[in-house]
Amino acid sequence: MNKYFFCIIFIFGYICISGCSDFLEDKPSSTLTIPSKLQEYRNLLDNMTVMNITNPLPQLSADEYYIRDEQTYQALGSLTEKNAYLWAEDVYGGETNFQGWNVPYSAIFYANNVLEGLDKMNRDLVDKNEWSEIYGSALFYRSYAYFDLVRNFSPAYDPASAGIHPGVPLKLKAAIDEVKQRATVQETYDQLIGDLQLASTLLSHVNRPMTNLNRPSRPATFALFARIYLDMGQYKLAELYADSTLTTYDRLIDYRSVDPHNINPFANLNSEIIFFSSQAAVYGFTTFPGLNNLQAIVDTNLIALYEAADLRLPIFYAEKSPREFYIKKGYSPAYPFTGLATDEVFLIKAECAIRNGDVSGGIKALNRLLENRYDASFEPLAITDPAEALGRVLQERRKELVWRSLRWQDLKRLNREGRNITIQRELNAQTYVLPSNDPRYVFPIPADEIALSGIQQNKR
């Protein structure tokens, strides 16, 4: 399979991490030795260009931006960028080596090699705590990669159909040439949840670490559990893990201390990040944040949600021309942040508490976030109606988690429960519509992967 072919470099050496000094205290050194020592396995997992990268398609396809005109659209950098914007049936247009499929499977390949290598070690001859830490990290990365794959290449999780609908191939061995057909959605979730459960018992960092946020920690496993169970609609478990996360770490940035005129408002290692990942470094014409991005204009309906006292408007966006806003850099120094952070966890807590019947608890969690997002005029919300409370949380989720590849998944899960959200684009006097629960919410598997492995393609 092509996703493993280019990973064969693992057998001969490591890719030295470059450009990641903001996130790593010690940069792993290159070597031409087959890994056999704990530090060598740790170095492999520290390769952020593989282990901390997520699919760009959710950002390309979501309703957070629009392209001004046909001329701008035609100037986009690739067919994939153009086709994903308009939800075309053929997303890739013949382009190959799609990172949103290949890189997660590369991370899985790396993780499998680490797990197999550690299993062969004599644990009496190595530091047992370090062995457990690296083993738990490999399981976390594998779980993280499989969740990124299944939420993009499979339908929204539904317990009634999860045992029937195709998930993704489950590669659990360090074998380059092994061909696996697609597991079911249920089998895929069972695998990634099992990996994460074991990881949570092995990772020794019971608190959020101050450095090396590219590495997993126990709070990161709790936050990922919360994200996964929210996606699955298992709100009691999602709230439980949100609580577990916030019990160990609940720091929020007071946006009154953030300079709204700064084009890079946030430090690379800001205090809300629990685990760092970012979108694959492709399709910069539409997804790359910054004032030089003249192609992607923030959706006017999104901008209209921010009140005058909401500090997120001038901090997140810049107005380059009247009523045309562009996204600034967020919690990542380059391509969009897609990792785990406390603001998302507070929103998961708020949503799930309300869905679980605790409206006051949900509004309390939401107020904790909003008091750090509004100016001094903010007065805590006092909503008691469950439907109104849930609506406000979902609105704040949309306003807070912009450009993080989360909106697309929210559309899938909210439409699954019957909210019937339809999104549309206007381009060259033509309207493109994506109805709720449309098959195009599930991205196609790249054609070169289908040709090599013969796995089942998604219907579009």
Side-chain angles (χ1 to χ4, degrees), residues 1-24 26-35 39-57 96-118 133-153 168-176 178 192 195-196 199 212-216 220 224 275-283 332-340 405 446 448-449:
M1 301 172 77
N2 66 334
K3 55 186 171 286
Y4 300 107
F5 177 76
F6 69 85
C7 291
I8 197 169
I9 191 172
F10 171 84
I11 303 300
F12 304 103
Y14 302 115
I15 300 172
C16 179
I17 300 173
S18 60
C20 303
S21 57
D22 288 327
F23 296 93
L24 301 176
D26 299 315
K27 186 182 295 185
S29 60
S30 295
T31 178
L32 295 176
T33 307
I34 295 176
Q39 186 57 49
E40 292 170 347
Y41 287 115
R42 168 60 74 191
N43 290 350
L44 185 67
L45 295 181
D46 276 342
N47 186 346
M48 292 177 63
T49 62
V50 173
M51 309 307 292
N52 299 81
I53 299 299
T54 61
N55 194 331
L57 287 181
T96 59
N97 292 324
F98 174 60
Q99 290 193 33
W101 179 269
N102 288 345
V103 174
Y105 271 109
S106 298
I108 291 164
F109 178 78
Y110 278 28
N112 287 339
N113 273 278
V114 170
L115 293 170
E116 289 189 9
L118 294 179
E133 186 72 22
I134 297 171
Y135 202 97
S137 294
L139 289 168
F140 177 97
Y141 285 121
R142 190 167 73 177
S143 177
Y144 199 80
Y146 271 128
F147 182 57
D148 189 49
L149 287 161
V150 74
R151 67 177 176 168
N152 287 305
F153 294 104
V168 297
L170 293 176
K171 299 286 292 187
L172 305 177
K173 296 180 181 179
I176 294 173
E178 181 186 25
L192 65 91
D195 281 350
L196 198 56
N212 295 329
L213 295 178
N214 61 298
R215 295 178 179 177
L224 182 54
F275 174 76
F276 181 86
S277 69
S278 64
Q279 179 203 291
V282 289
Y283 313 129
S332 169
Y335 276 81
F337 174 76
T338 59
L340 303 163
S405 293
D448 51 337
E449 175 61 31

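When a residue number appears, it is its place in the shown sequence, counting from 1.
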- request: Check each of Phe275, Phe147, Tyr146 against Phe140 using the ring pair (Phe, Tyr, Trp, His ring centres under 6.0 Å) test, and report the only one that passes.
  value: Phe275
Please examine the side chains of [Y] and [X], heavy atoms only from C-beta on, and report whether any two atoms are closer than 4.5 Å.
{"X": "Phe98", "Y": "Leu57", "value": "yes"}
{"X": "Thr49", "Y": "Val103", "value": "no"}
{"X": "Arg42", "Y": "Ser137", "value": "yes"}
{"X": "Val282", "Y": "Tyr335", "value": "no"}
{"X": "Phe337", "Y": "Phe276", "value": "yes"}

Out of curiosity, [X] [atom1] to [Y] [atom2], how far, rounded to the nearest 0.5 Å?
{"X": "Asp195", "Y": "Leu172", "atom1": "CG", "atom2": "CG", "result": "7.5 Å"}
{"X": "Leu115", "Y": "Tyr141", "atom1": "CG", "atom2": "OH", "result": "12.5 Å"}
{"X": "Glu40", "Y": "Leu44", "atom1": "CD", "atom2": "CG", "result": "10.0 Å"}
{"X": "Asn152", "Y": "Ser405", "atom1": "CG", "atom2": "OG", "result": "8.0 Å"}
{"X": "Lys171", "Y": "Arg142", "atom1": "NZ", "atom2": "CZ", "result": "12.0 Å"}
{"X": "Ile134", "Y": "Arg215", "atom1": "CD1", "atom2": "CZ", "result": "8.5 Å"}

Does [Y] offer a backbone N or O that forms a donor-acceptor pair with the side chain of [X] under 3.5 Å?
{"X": "Tyr41", "Y": "Pro35", "answer": "yes"}
{"X": "Tyr144", "Y": "Ala107", "answer": "no"}
{"X": "Asn113", "Y": "Phe109", "answer": "yes"}

Where [X] and [Y] come nearest, the two heavy atoms and their spacing:
{"X": "Ile53", "Y": "Met48", "answer": "CG1-O, 3.4 Å"}
{"X": "Ala138", "Y": "Leu45", "answer": "N-CD1, 3.9 Å"}
{"X": "Leu196", "Y": "Ser143", "answer": "CB-OG, 3.7 Å"}
{"X": "Ala280", "Y": "Pro56", "answer": "CB-CD, 4.2 Å"}
{"X": "Pro104", "Y": "Ala145", "answer": "O-CB, 3.6 Å"}
{"X": "Asp448", "Y": "Asn97", "answer": "OD2-N, 3.2 Å"}

query: Where do Asn112 and Glu116 land on the side-chain hydrogen bond (donor to acceptor under 3.5 Å, both in side chains) test, with the steps shown first?
result: CA-CA 6 Å; Asn112 287 339; Glu116 289 189 9; over 6 Å; no
field: Thr54, Asn55, Asp148, Asn52 screened by side-chain hydrogen bond (donor to acceptor under 3.5 Å, both in side chains) with Thr338, the one that passes
entry: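 Result: among Thr54, Asn55, Asp148, Asn52, Thr54 is the only option passing the side-chain hydrogen bond (donor to acceptor under 3.5 Å, both in side chains) with Thr338.
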